[in-house]
Colleague: 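What follows is a structure written as structure tokens; I'll ask about it next.
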Amino acid sequence: MAKAILRKTRETRVRGGHPWIYASEIDKTEGACAPGEVIDVYSCKGTMLGRALYNPRSQITLRMLTTQDEPVDENFFRGRLTDAWEYRKRLCDTQSCRVVYSESDFLPGLVVDKFGDVLAMQTLSLGMDQRKDMLARLLCEITGATGVYERNDVPVRRHEGLEMQTGLLLGEVPDRVEMVENGILYLVDVKNGQKTGFFLDQKQNRAAIAPLCPGARVLDCFCHNGSFALNAAKYGAQSVLGVDISEDALDVARENAKRNGLDVAFEAHNCFDFLREQTEAGEKYDLVILDPPAFTKSRQAVESALRGYKEINLRGLKLTRPGGFLVTCSCSQHVSTEAFQEMVNHAARDAKKRVRLVEYRTQALDHPILPAAPETKYLKCMILQVM
């Protein structure tokens with residue numbers, strides 16, 4: 001088998017458990033290895049470090065699959081997928097969960113979400129993309145799913161030399177898929193919805209607002225398909241208003257509310273403008289929820305993203321009545337926990353509010369975090385009481 005030999009001292013992160021090796025960390029390759037194939041990885045001293053997917057077109061040239069001297073064949077992938085599924089069966093609701101979370105399941109570049117009996121799959125590395133038909137077949141075999149839909153319409157694929165595309169990979173997938181999360185029925189648009197059709201990573205955070213909702217007046221900004229808003233109504237809120245800029249997303253949210261018999265109002269607004277207008281009008285809510293999309297996809301734009309987060313949090317704090325609660329979130333991986341908390345402190349100071357942290361939360365258990373790979377931890381959710 002072909003091999004990649006790392007530069008001196010560059011094996012430290014790999015030995016520590018990080019799955020990525022950049023082009024600048026490779027001294028040389030020996031033997032023929034086509035892009036997307038598996039290659040042996042060695043230290044500069046000749047010690048085998050494991051096997052990785054190889055893509056010379058990508059800055060992340062090597063993605064570690066195993067640290068063992070073992071064949072990487074169909075049985076290897078069957079084992080990894082089975083391990084991922086067993087983890088979800090033990091810790092998660094398997095009717096709505098992320099079945100595979102890329103590096104965290106030791107399958108770099110593979111993301112699979114399950115909605116009812118349907119799987120939405122993304123292959124974000126060349127090696128996984130070349131194996132997607134096999135992976136779809138194995139996933140149905142292991143999970144019992146009846147259909148797999150490809151959602152590879154994400155720009156990050158271009159870094160791997162891959163085109164964006166969507167389509168049916170296996171079985172049957174309806175236009176709308178029924179899914180139950182936290183006892184609420186949702187219609188999921190697997191084919192055209194954002195990401196893979198639904199944001200599963202907030203499931204447990206949505207359940208965590210239950211004690212804050214009875215009798216409350218609730219504002220849910222950036223509500224998308226209404227998931228936080230519907231949970232608030234289910235948990236006994238007196239009134240709930242969900243706001244999002246997308247009328248298409250709100251149409252789905254309204255249908256979700258109707259199907260569950262929940263009384264939630266949804267309005268289409270630019271949330272930045274709406275929050276400012278509500279503040280100027282002197283409105284007050286018992287619970288304000290801010291769950292915006294990622295404000296940055298790169299380290300270069302972090303400062304700008306933090307300004308955006310501060311703006312909406314300052315408004316959200318002003319809209320929260322004394323003794324009420326603010327739930328504020330960020331899914332921007334490049335915004336660190338420390339930077340997010342500091343932003344909240346600055347917003348509270350400028351809003352002339354005191355806040356105390358009720359709970360700091362992160363992504364749901366079906367999005368496990370590798371301590372050796374900080375990139376796998378991205379979601380931040382702070383539940384604050386506003387004084």
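Predicted model, so just to flag it, every value in this text is computed and none were measured. Positions are given from 1 along the sequence.
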Colleague: Less than 4.0 Å between a side-chain N and a carboxylate O, is that true for Glu181 and Arg206?
Modeller: yes
Colleague: Is there side-chain contact between Val218 and Tyr285, with at least one heavy-atom pair below 4.5 Å?
Modeller: no
Colleague: Spell out, as yes or no, whether a donor-acceptor pair under 3.5 Å connects the side chain of Arg80 to the backbone of Leu65.
Modeller: yes
Colleague: Is any side-chain N of the basic residue among Arg51 and Asp69 closer than 4.0 Å to the acidic one's carboxylate O?
Modeller: yes
Colleague: Do Leu107 and Tyr101 make a side-chain contact, defined as non-hydrogen atoms from C-beta onward lying under 4.5 Å apart?
Modeller: no
Colleague: Is the closest side-chain donor-acceptor distance between Tyr186 and Asn260 under 3.5 Å?
Modeller: no
Colleague: Decide whether Thr166 and Asn152 meet the rule of one side-chain donor and one side-chain acceptor closer than 3.5 Å.
Modeller: no
Colleague: Please evaluate residues Val14 and Val41 with respect to the criterion side chain to side chain contact (heavy atoms under 4.5 Å, CB included), reporting the C-alpha separation (whole Å), side-chain torsions for both, the decisive distance (0.1 Å), and the verdict.
Modeller: CA-CA 10 Å; Val14 179; Val41 181; 5.6 Å; no
Colleague: Report the distance from atom CD1 of Ile21 to atom CZ of Arg10, rounding to the nearest 0.5 Å.
Modeller: 11.5 Å
Colleague: Are the side chains of Arg157 and Thr123 in touch, meaning some heavy atoms are under 4.5 Å apart?
Modeller: yes
Colleague: Is any side-chain N of the basic residue among Arg88 and Asp366 closer than 4.0 Å to the acidic one's carboxylate O?
Modeller: no
Colleague: Under 6.0 Å from the NZ atom of Lys191, do we count more than 12 heavy atoms belonging to anything else shown?
Modeller: yes
Colleague: Would you kindly confirm whether Phe295 and Leu314 end up in one hydrophobic cluster when ILVMFWY residues are joined by side chain heavy atoms under 4.5 Å apart?
Modeller: no
Colleague: Is any side-chain heavy atom of Val148 less than 4.5 Å from a side-chain heavy atom of Cys140?
Modeller: yes
Colleague: Tell me whether Lys203 contacts the main-chain N or O of Cys92 through its side chain, where contact means a donor paired with an acceptor under 3.5 Å.
Modeller: no
Colleague: As an exercise, state the distance from OG of Ser24 to CZ of Arg7, rounded to the nearest 0.5 Å.
Modeller: 7.5 Å
Colleague: Just by distance, with hydrogens left out, do Asp291 and Gln202 show a side-chain donor and acceptor under 3.5 Å apart?
Modeller: yes
Colleague: Does Glu160 offer a backbone N or O that forms a donor-acceptor pair with the side chain of Asn55 under 3.5 Å?
Modeller: yes
Colleague: Decide yes or no for Leu187 and Arg259: does some side-chain heavy atom of the first lie under 4.5 Å from some side-chain heavy atom of the second?
Modeller: yes
Colleague: Please examine the side chains of Leu357 and Ile383, heavy atoms only from C-beta on, and report whether any two atoms are closer than 4.5 Å.
Modeller: no
Colleague: Without hydrogens or angle criteria, can the side chains of Arg151 and Gln122 be said to hold a donor-acceptor pair below 3.5 Å?
Modeller: no
Colleague: Given the ring of Phe266, does Arg254 sit roughly above its face, with NZ or CZ under 6.0 Å from the centre of the six-membered ring and within 45° of the axis?
Modeller: no
Colleague: Should we count CD of Glu172 as having more than 12 external heavy atoms under 6.0 Å?
Modeller: no
Colleague: Where is the tightest heavy-atom contact between Phe222 and Pro293, given as atom of each residue plus distance?
Modeller: CD2-CD, 3.8 Å
Colleague: Do Glu311 and Arg315 meet the salt-bridge criterion of a basic N to acidic O distance under 4.0 Å?
Modeller: yes
Colleague: Quick one: NZ on Lys195 to NE2 on His224, what's the gap to the nearest 0.5 Å?
Modeller: 10.5 Å
Colleague: Hey, what do you get for CE (Met164) to CD (Glu150), rounding to the nearest 0.5 Å?
Modeller: 12.5 Å
Colleague: Are Lys310 and Asp350 close enough for a salt bridge, meaning some N to O gap below 4.0 Å?
Modeller: yes
Colleague: Rounded to the nearest 0.5 Å, what separation is found between the CZ atom of Phe198 and the OG atom of Ser227?
Modeller: 4.5 Å
Colleague: Give the minimum heavy-atom separation between Cys221 and Phe274, together with the two atoms involved.
Modeller: SG-CD2, 4.4 Å
Colleague: In terms of side-chain geometry, is the basic nitrogen of Glu11 or Lys45 positioned less than 4.0 Å from the acidic oxygen of its partner?
Modeller: no
Colleague: Within the side chain of Gln363, is there an N or O that forms a donor-acceptor pair under 3.5 Å with the backbone of Thr376?
Modeller: yes
Colleague: If you apply the rule side chain to side chain contact (heavy atoms under 4.5 Å, CB included), what do you find for His346 with Arg349, and how did you get there?
Modeller: CA-CA 5 Å; His346 289 165; Arg349 179 197 62 197; 3.9 Å; yes
Colleague: What do the steps show when you test His18 against Glu375 for side-chain hydrogen bond (donor to acceptor under 3.5 Å, both in side chains), and what is the final call?
Modeller: CA-CA 10 Å; His18 200 290; Glu375 297 85 354; 2.9 Å; yes
Colleague: Ignoring hydrogens, what is the shortest heavy-atom contact between Ala120 and Val190? Give both atom names and the distance.
Modeller: CB-CG1, 3.8 Å
Colleague: I'd like to know if Asp201 and Arg98 make a salt bridge, using a cut-off of under 4.0 Å between side-chain N and carboxylate O.
Modeller: no
Colleague: Measuring from atom OG of Ser125 to atom CH2 of Trp20, what distance do you get when rounded to the nearest 0.5 angstrom?
Modeller: 11.0 Å
Colleague: Which atoms form the tightest heavy-atom contact between Gly36 and Leu53, and what is the distance?
Modeller: O-CD2, 3.8 Å
Colleague: Salt bridge or not for Arg131 and Glu74, using N-O below 4.0 Å?
Modeller: no
Colleague: Should we say atom CD of Glu280 is surrounded by more than 12 heavy atoms from elsewhere, each under 6.0 Å from it?
Modeller: yes
Colleague: Ignoring hydrogens, what is the shortest heavy-atom contact between Gly226 and Ala253? Give both atom names and the distance.
Modeller: N-CB, 3.9 Å
Colleague: So that I can tick it off, tell me whether Glu103 and Arg63 are bridged by a salt bridge, with the cut-off set at under 4.0 angstrom between side-chain N and carboxylate O.
Modeller: yes
Colleague: Without swapping roles, check the side chain of Tyr87 against the backbone of Leu365 for a donor-acceptor pair under 3.5 Å.
Modeller: yes
Colleague: Side chain of Ser336, backbone of Ala339: donor and acceptor closer than 3.5 Å?
Modeller: yes
Colleague: So, Tyr309 and Ser332: side-chain donor and acceptor under 3.5 Å apart, yes or no?
Modeller: yes
Colleague: Quick one: closest heavy-atom pair of Phe325 and Val358, and the distance?
Modeller: CE2-CG2, 3.9 Å
Colleague: Using a distance-only test with no angle check, is there a side-chain donor-acceptor pair under 3.5 angstrom linking Thr328 and Asn313?
Modeller: yes
Colleague: Indicate yes or no: does Lys89 engage Glu86 in a salt bridge with an N to O separation below 4.0 Å.
Modeller: yes
Colleague: Lys318 side chain to Thr320 main-chain N or O, any donor-acceptor pair under 3.5 Å?
Modeller: no
Colleague: Looking at Ile184, is its backbone amide N or carbonyl O close enough to the side chain of Asn182 to form a donor-acceptor pair, meaning the two atoms are under 3.5 Å apart?
Modeller: no
Colleague: Taking atom types as modelled, find out whether Thr337 and Tyr360 have a side-chain donor-acceptor pair closer than 3.5 angstrom.
Modeller: yes
Colleague: Donor-acceptor pair, Lys284 side chain versus Gly282 backbone, under 3.5 Å?
Modeller: no
Colleague: Does a donor on one side chain and an acceptor on the other come within less than 3.5 Å for Arg78 and Asn75?
Modeller: yes
Colleague: Taking atom CG of Asp273 as the centre, does the number of heavy atoms from other residues, nucleotides or ligands within less than 6.0 Å exceed 12?
Modeller: yes
Colleague: Evaluate the side-chain proximity of Cys329 to Asn205: yes if any heavy-atom separation is below 4.5 Å, no if none is.
Modeller: no
Colleague: Among Ile142, Asp105, Thr143, find the one that has a side chain to side chain contact (heavy atoms under 4.5 Å, CB included) with Leu81.
Modeller: Ile142
Colleague: List the steps, then state whether salt bridge (Lys or Arg N to Asp or Glu O under 4.0 Å) holds for Glu255 with Arg176.
Modeller: CA-CA 12 Å; Glu255 192 168 354; Arg176 296 282 178 88; 3.5 Å; yes
Colleague: Is there a side-chain contact between Leu110 and Ser102, using heavy atoms and a 4.5 Å cut-off?
Modeller: no
Colleague: Where the side chain of Thr67 meets the backbone of Leu49, is there a donor-acceptor pair that is under 3.5 Å apart?
Modeller: no
